Amino acid sequence: MKDFVNVLLNFLPPTASILELSGLPNSPAVLLADIDNDQINELIGAYKYKDQNYLVILKNVDNQWLPLIHIKGSGYGISSLMAAPITTNWVNTLIVGWQIGSEWSKLDLLQWMDGGIIQLPTSNIAYSKLEVEDMPGLYGPDGQYELAIWIHDTGEAYKVDVYRFEENQLVLAKEVYPYYFKRVESYYERLLKSNDFSYYWYYLAEAQKKSGDFEQFMISIDKALSF
């Protein structure tokens, strides 16, 4: 990855610096991904210049890197930089989390379309944790990736929901709830082993309800109310 950092620096102003992913020391925000669906990876990097964050995208043409576009970012750092096919045309979308607070990142979804980058609507989502995965629904995975958004509440509790991109907006992906909320259940079960707090029981109950585990949901909600 160091070689790619050096390539990117050749296309930046002299005082610009490549950003590192927050919470991951020595992890430059650099990504190789095909975002224009030509089966050739672009080189994408996040950088800071004069206290402003940017993305730069380089294209490989005849084994030479050429600058494609510089995109103005936000926040003071970056927490996520990935690419996945989240729209129904199965072309990779750039998924960026701009750090706007110690627990918060602003979600940006950037799509290559008609020779340029457009910003997909995100309803101004700010998140604390993000997982992107082709989650299986009733008939298994379908090639379109979902976004699990974790929003910090109190202690180590998070409000969690899963979205997919449909009809030019993020909508709740309820068909994958039984799959993903099993994972959320496990998170709260581990937490409760050492932190027997009512609000963790409440969040466990909510996860059990969303995963379809109604018997355990009733037990957990009774436990939460007993406090």
Side-chain angles (χ1 to χ4, degrees), residues 20-27 29 31 75 77-86 93 95-109 122-166 170-227:
E20 287 194 347
L21 295 168
S22 59
L24 296 170
N26 305 314
S27 295
L31 176 69
I78 189 168
S79 59
S80 308
L81 179 61
M82 60 185 95
I86 67 164
T93 301
I95 301 162
V96 188
W98 297 110
Q99 193 88 31
I100 57 172
S102 60
E103 289 276 0
W104 302 102
S105 297
K106 175 182 173 286
L107 180 66
D108 256 358
L109 300 175
T122 62
S123 305
N124 294 317
I125 283 177
Y127 68 87
S128 307
K129 295 181 185 181
L130 173 68
E131 287 192 299
V132 181
E133 185 185 332
D134 182 7
M135 301 179 194
L138 192 58
Y139 303 107
D142 61 2
Q144 186 181 353
Y145 281 52
E146 284 78 25
L147 290 85
I149 303 285
W150 294 55
I151 296 173
H152 184 253
D153 183 17
T154 184
E156 293 178 74
Y158 295 83
K159 296 173 182 173
V160 183
D161 237 315
V162 184
Y163 296 86
R164 71 183 312 171
F165 203 81
E166 275 179 12
L170 288 170
V171 299
L172 292 175
K174 293 188 177 180
E175 69 276 12
V176 304
Y177 278 13
Y179 164 79
Y180 190 76
F181 278 93
K182 291 286 184 197
R183 192 178 300 176
V184 183
E185 273 187 71
S186 297
Y187 171 78
Y188 283 110
E189 283 166 353
R190 285 195 305 273
L191 207 50
L192 279 160
K193 285 177 182 174
S194 52
N195 302 274
D196 192 24
F197 300 143
S198 61
Y199 51 89
Y200 291 158
W201 281 106
Y202 169 77
Y203 277 113
L204 173 61
E206 186 180 49
Q208 288 164 336
K209 185 179 178 184
K210 285 180 174 176
S211 72
D213 194 350
F214 292 106
E215 194 175 324
Q216 289 301 314
F217 160 72
M218 293 304 296
I219 294 169
S220 297
I221 205 74
D222 281 348
K223 183 77 175 174
L225 292 171
S226 75
F227 282 80

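No experiment lies behind these values; they were computed from the predicted model shown.
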Peer 1: Nearest 0.5 Å please: distance from the CG atom of Leu21 over to the CE atom of Met82.
Peer 2: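 Output value for this atom pair is 9.0 Å.
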Peer 1: Does some side-chain heavy atom of Phe181 sit less than 4.5 Å from a side-chain heavy atom of Lys209?
Peer 2: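 Lys209 does not reach Phe181 side chain to side chain.
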Peer 1: Run through Asp213, Ile219, Ile221 and flag the one making a side chain to side chain contact (heavy atoms under 4.5 Å, CB included) with Gln208.
Peer 2: Asp213
Peer 1: With a 4.5 Å limit on heavy-atom distance, are the side chains of Tyr177 and Leu172 in contact?
Peer 2: yes
Peer 1: Please determine, by modelled atom types, if Glu146 and Tyr179 share a side-chain donor-acceptor pair under 3.5 angstrom.
Peer 2: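 The criterion, which ignores hydrogens and geometry beyond distance, is not satisfied for Tyr179 and Glu146.
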Peer 1: Could you walk me through whether Glu189 and Gln216 pass the side-chain contact (heavy atoms from CB on, under 4.5 Å) test, one step at a time?
Peer 2: CA-CA 12 Å; Glu189 283 166 353; Gln216 289 301 314; over 6 Å; no
Peer 1: So which heavy atom on Trp104 is nearest to which on His152, and how close?
Peer 2: CH2-O, 3.5 Å
Peer 1: Which heavy atom of Ala205 sits nearest a heavy atom of Phe217, and at what distance?
Peer 2: O-CD1, 3.1 Å
Peer 1: Are Trp98 and Ile78 side-chain neighbours, meaning at least one heavy-atom pair lies under 4.5 Å?
Peer 2: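 SC-SC contact between Trp98 and Ile78 confirmed.
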Peer 1: Do you see a donor-acceptor pair shorter than 3.5 Å between the side chains of Ser220 and Tyr188?
Peer 2: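 There is no such pair (donor and acceptor under 3.5 Å, judged by atom type) between the side chains of Ser220 and Tyr188.
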Peer 1: Quick check: do Tyr158 and Glu103 have side-chain heavy atoms less than 4.5 Å from each other?
Peer 2: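 Yes, at least one pair of side-chain atoms sits under 4.5 Å.
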Peer 1: Looking at every non-hydrogen atom in both residues, tell me the closest pair between Ser211 and Glu185 and how far apart they are.
Peer 2: OG-OE2, 2.6 Å
Peer 1: With a 4.5 Å limit on heavy-atom distance, are the side chains of Glu131 and Trp150 in contact?
Peer 2: yes
Peer 1: Taking atom CD of Glu20 and atom CG of Leu24, what is their separation to the nearest 0.5 Å?
Peer 2: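 Those atoms lie 9.0 Å apart.
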Peer 1: Could you check whether atom CZ of Phe227 has more than 12 heavy atoms from other residues, nucleotides or ligands sitting under 6.0 Å from it?
Peer 2: yes
Peer 1: How many angstroms lie between atom CG of Leu225 and atom CH2 of Trp201, to the nearest 0.5 angstrom?
Peer 2: 12.5 Å
Peer 1: Between Asp153 and Tyr199, do the side chains contain a donor N or O and an acceptor N or O under 3.5 Å apart?
Peer 2: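 No.
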Peer 1: Checking Ser79 side chain against Ser22 main chain: does a donor-acceptor pair fall under 3.5 Å?
Peer 2: no
Peer 1: Examine distances only and state if a side-chain atom of Tyr203 and a backbone atom of Val184 form a donor-acceptor pair shorter than 3.5 Å.
Peer 2: no
Peer 1: Indicate yes or no: at least one non-hydrogen side-chain atom of Glu175 is less than 4.5 angstrom from one of Leu138.
Peer 2: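 Glu175 does not reach Leu138 side chain to side chain.
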Peer 1: Over all heavy atoms of both residues, which pair between Leu109 and Leu107 is shortest? Give the atoms and the distance, please.
Peer 2: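 Minimum heavy-atom contact is CD2-CD1, 4.1 Å.
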Peer 1: Taking the side chain as C-beta and beyond, is there a heavy-atom pair between Val171 and Arg164 under 4.5 Å?
Peer 2: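 In contact.
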Peer 1: For the CG atom of Leu191 and the CG atom of Leu204, what is their distance to the nearest 0.5 Å?
Peer 2: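 So the CG of Leu191 and the CG of Leu204 are separated by 10.0 Å.
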Peer 1: Check each of Asp161, Val162, Val160 against Lys210 using the side chain to side chain contact (heavy atoms under 4.5 Å, CB included) test, and report the only one that passes.
Peer 2: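 Single pass found, and it is Asp161.
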Peer 1: Under a 3.5 Å distance rule, please check whether Gln144 uses its side chain to pair with a backbone N or O of Phe165 as donor and acceptor.
Peer 2: yes
Peer 1: Ignoring hydrogens, what is the shortest heavy-atom contact between Tyr127 and Ile149? Give both atom names and the distance.
Peer 2: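 In this case the closest contact between Tyr127 and Ile149 is CB-CG2, 3.6 Å.
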Peer 1: What heavy-atom pair brings Ile100 and Gly75 nearest, and what distance separates the two atoms?
Peer 2: CG2-CA, 3.9 Å
Peer 1: Just so I know, are the side chains of Leu130 and Ile95 near enough to count as touching, which here means a heavy-atom distance under 4.5 Å?
Peer 2: yes
